[in-house]
Amino acid sequence: MAKVNYYEVLRVPVNAGDDEIVAAHHRLVSLLVPDLHPRASAAAKRELCEAVKLVDTARGVLTRPALRREHDSELGKPAPSEPPADPTNTDGCMICGSTPANHVVFRRQQGMLYRRRIWRVEGTVCRDCGRSVGRDWQSRTLIAGWWGMISLFVNSYYVLANTVELFGLFGLDRPDRDPATASPLPAPLDPKPPLILRLGPLFFVALIVVIILVNRAGA
Ligand SMILES: [Zn+2]
């Protein structure tokens with residue numbers, strides 16, 4: 001069986017330092033944790049768990065010098081002290097390795113009158129992986145993000161920013177994956193239903209209608 005290239009899994013160059021490896025690991029785990037994908041099927045959640053394990057192993061190996069040297073020699077690469085000039089290709093989707101891919105940031109919020117919780121993920125993702133995460137987060141922040149004065153303003157920005165990121169993904173071609181690429185998942189995530197068919201936008205429109213009706217009744 002071909003040896004998995006942990007540099008490709010983490011999308012880091014072969015001469016990456018520990019800080020770069022740890023940062024890549026954090027970015028990937030924050031995109032792959034099954035809690036982030038509430039609509040994923042049981043099989044997809046199992047795949048995500050396996051992907052997190054693979055990413056953990058990659059970090060474990062590449063941050064331990066002895067294991068890293070062994071990994072490098074198995075890949076037929078020179079020792080890290082003599083890095084090759086070409087870094088690992090970092091253009092593809094961090095999750096599935098497909099191209100083309102965009103760099104995106106998605107945000108969501110839970111407003112709770114006097115306080116709020118916020119979440120943020122960032123990474124380079126293909127059209128389908130990006131939509132899978134972005135649509136979930138946009139729908140959830142459209143429901144839970146508004147409650148509280150500060151939350152109301154901040155969430156308006158989050159919804160707008162997520163819309164811009166989703167619109168950017170709309171312009172990408174269908175993901176194309178080289179089977180020889182090592183990546184946490186072997187195929188793009190299921191993008192799942194478009195936003196228009198989800199509860200978030202429906203809830204948001206209903207909220208606006210209620211606000212208008214209450215204002216009219218009070219006028
Ligand atoms: Zn992808």
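These figures come from a predicted structure and were not determined experimentally. Just follow the structure's listing: the first ligand is 1, and inside any ligand the first atom is 1.
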- Task: Examine Leu169 and Leu36 and state if one hydrophobic cluster contains both, with Ile, Leu, Val, Met, Phe, Trp and Tyr joined whenever side-chain heavy atoms are less than 4.5 Å apart.
- Result: yes
- Query: Applying the side-chain contact (heavy atoms from CB on, under 4.5 Å) test to Ser139, which of Leu197, Leu202, Leu195 qualifies?
  - Reply: Leu195
- Same cluster or not: are Leu142 and Met149 linked, directly or through other Ile, Leu, Val, Met, Phe, Trp or Tyr residues, by side-chain heavy atoms under 4.5 angstrom apart? no
- Message: Applying ring-ring contact (aromatic ring centres under 6.0 Å, His included) as the test, list every pair that has at least one member in residues 119-151; sequence neighbours left out.
- Response: Trp146-Phe204
Show every donor-acceptor pair shorter than 3.5 Å between a side-chain atom in residues 51-61 and any protein atom, with sequence neighbours excluded, or say none if there are none.
from, atom 1, to, atom 2, distance (Å)
Lys53, NZ, Glu50, OE2, 3.3
Asp56, OD1, His25, NE2, 2.7
Thr57, OG1, Lys53, O, 2.8
Arg59, NH1, His25, ND1, 3.2

- With clusters built from Ile, Leu, Val, Met, Phe, Trp and Tyr whose side-chain heavy atoms come within less than 4.5 Å, directly or transitively, what are the remaining members of the cluster of Val154, listed by chain and number? Ile118, Ile150, Tyr157, Tyr158
- Which protein atoms of type N, O or S are found under 2.8 Å from the Zn ion (ligand 1)? Cys93 SG, Cys96 SG, Cys126 SG, Cys129 SG
